[in-house]
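Reviewing the structure listed below.
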Amino acid sequence: MSTLLENIGSLVTNEPALGRGPLGLVDDAALVVEDGRIVFAGPRAALGRAAADTRVDLGGRAVLPGFVDSHAHLVFAGDRTAEFAARMSGLPYSAGGIRTTVEATRAASRETLEARTAALAAEALRAGTTTIESKSGYGLTVDAERTSLEVAGLVTDERTFLGAHVVPSEYAGRADDYVDLVTGAMLDACAPHARWIDVFCDRGAFDGDQARAILTAGIARGLLPRLHANQLEAGPGVRLAVELDAASADHVTHVTDEDVAALAGSRTVATLLPGAEFSTRSPYPDARRLLDAGVTVALASDCNPGSSFTTNLPFCITVAVREMRMTPDEAVWAATAGGARALRRDDVGALGPGARADLVVLDAPSHVHLAYRPGVPLVAQVWRGGERVIG
Ligand code: NIG
Ligand code: FE
């Protein structure tokens with residue numbers, strides 16, 4: 001089965017060899033999809049009189065790769081409306097709020113968790129996210145963490161074991177005992193259900209030594225490291241991520257020159273999460289400083305009930321452009337190819353031959369409109385594996 005998508009006004013391929021600039025932009029473009037993969041991406045004129053089983057006329061609209069959301073926390077129950085409202089009237093954000101969600105998640109049935117996680121994944125898909133990662137981290141017992149990963153496995157593409165989100169209240173004052181649990185029985189139960197291991201290495205959560213012990217234990221079990229680093233203060237997280245060749249250091253809000261240099265000399269991606277600074281009314285990470293130093297930057301939602309209750313990557317792109325000094329091209333790249341790099345995936349985030357046919361059609365002539373038209377729902381169609389799933 002082949003499908004020809006034609007009359008694409010502007011196509012982002014993220015393959016510089018196929019078009020202009022780092023986005024590999026092509027005007028008056030066409031795509032041909034076969035068996036869920038791209039087999040042609042380029043100018044319509046270069047295709048000649050192509051034969052295809054199905055032809056779709058996109059009416060001059062823009063097409064870009066589906067968003068790759070490399071950082072989300074989709075499995076939880078309850079919400080933190082009151083905490084958000086209190087913050088908007090002046091209270092600061094702290095990691096401690098995570099325990100409220102842990103309590104609600106532990107009390108919820110598996111059916112409830114499945115339904116809520118599926119609803120969030122569907123919400124993300126409607127906004128153009130075709131690859132999504134989810135972490136555990138709101139169970140914090142052996143059973144509840146394993147269940148969280150099993151639930152995430154039903155509707156997400158990548159799973160991360162985050163037993164080290166915070167020290168749960170029953171371990172108050174006994175953080176080292178909790179680290180033993182995370183690196184022992186909890187890791188045993190969770191490793192088969194995840195590809196990644198993560199630690200919240202920050203004020204109020206885990207310090208650098210604890211984070212190193214947990215990530216090292218995960219690596220020994222075949223998991224790959226990623227890290228919540230430097231969200232609340234300039235701690236050891238970013239340098240630890242680089243030391244362990246983590247795929248990504250996430251948040252990266254408070255960084256020293258040494259942190260920036262370490263990232264620039266590594267293959268660790270800096271995943272910026274503008275929804276978190278937006279919803280905690282905190283200073284944004286300085287994306288310009290990172291990009292100018294040569295750091296690879298991704299943008300992700302950080303969808304969670306405490307610090308960033310959004311699944312919407314167009315919103316994150318808008319904020320990154322307006323508040324973090326990214327260009328629209330850089331932000332679109334970061335939310336697609338950048339997310340793929342942060343997940344060490346080479347089959348998504350770009351639309352060259354061989355890539356998965358995961359793409360977004362915008363009701364706009366160019367990808368720049370994602371930032372230029374803030375808050376407007378421009379995602380008209382979403383295709384996943386060559387199938388039109390939205391619109
Ligand atoms: O990525 N920073 C740690 N974890 C989440 C917040 C979790 C919460 O507040 O529930 C984050 O922002
Ligand atoms: Fe997070």
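Below, each value reflects all heavy atoms present in this structure, side chains not excepted, and no hydrogens, waters or symmetry copies. Whatever order the structure lists ligands and atoms in, that order sets their numbers, starting from 1.
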Quick one: sort the [X] and [Y] rings into parallel, tilted or perpendicular, breaks at 30° and 60°.
{"X": "H165", "Y": "H228", "value": "tilted"}
{"X": "F76", "Y": "F309", "value": "perpendicular"}
{"X": "H73", "Y": "Y138", "value": "tilted"}

Check each heavy atom of S307 against ligand 1 and say whether those closer than 4.0 Å belong to the side chain, the backbone, both or neither.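 Near ligand 1, S307 shows its backbone as well as its side chain.
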Taking side-chain contact (heavy atoms from CB on, under 4.5 Å) as the criterion, tell me which of L125, D157, V155 meets it with I132.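 The side-chain contact (heavy atoms from CB on, under 4.5 Å) with I132 is passed solely by D157 among L125, D157, V155.
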In a check of side-chain contact (heavy atoms from CB on, under 4.5 Å) between L31 and each of T3, I8, L4, which one passes?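 Going through the options one by one, the only one that passes is I8.
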Quick test: of every protein heavy atom, which one is nearest to atom 4 (N) of ligand 1, and how far off is it to 0.1 Å?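 The answer is H165 NE2, 2.8 Å.
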Identify the closest protein heavy atom to atom 9 (O) of ligand 1: which residue and atom is it, and at what distance?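 That would be Y93 OH, 2.5 Å.
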To the nearest 10°, how many degrees is the angle D302 OD1 to the Fe ion (ligand 2) to H71 NE2?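 Answer comes to 80°, rounded to 10°.
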If you stand at the Fe ion (ligand 2) and look out to NE2 of H228 and NE2 of H73, what angle do those two lines make, to 10°?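 Seen from the Fe ion (ligand 2), NE2 and NE2 are separated by roughly 100°.
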Do any nitrogen or oxygen atoms of Q231 lie less than 3.5 angstrom from nitrogen or oxygen atoms of ligand 1?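 Yes: some nitrogen or oxygen of Q231 is under 3.5 Å from one in ligand 1.
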Return yes when I98 approaches ligand 1 closer than 4.0 angstrom through a heavy atom, no otherwise.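 It does, in that a heavy atom of I98 comes within the 4.0 Å cut-off of ligand 1.
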Below 4.0 Å from any atom of ligand 1, is there a heavy atom belonging to Y138?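 Y138: in contact with ligand 1 (<4.0 Å).
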For the residue pair T131 and E158, confirm or rule out a side-chain donor-acceptor distance under 3.5 Å.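 No, no side-chain donor-acceptor contact under 3.5 Å.
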Tell me yes or no: between the side chains of T253 and Q231, is some donor less than 3.5 Å from an acceptor?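 There is no such pair between these side chains.
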At less than 4.0 angstrom from any non-hydrogen atom of [X], what atoms of ligand 1 do you find?
{"X": "F200", "result": "2 (N), 3 (C)"}
{"X": "H71", "result": "1 (O)"}
{"X": "N304", "result": "5 (C), 6 (C), 7 (C), 8 (C), 9 (O), 10 (O), 11 (C), 12 (O)"}
{"X": "D302", "result": "1 (O), 11 (C), 12 (O)"}

Sub-4.5 Å side-chain heavy-atom contact between L227 and L240: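 Contact flag for L227/L240 side chains = yes.
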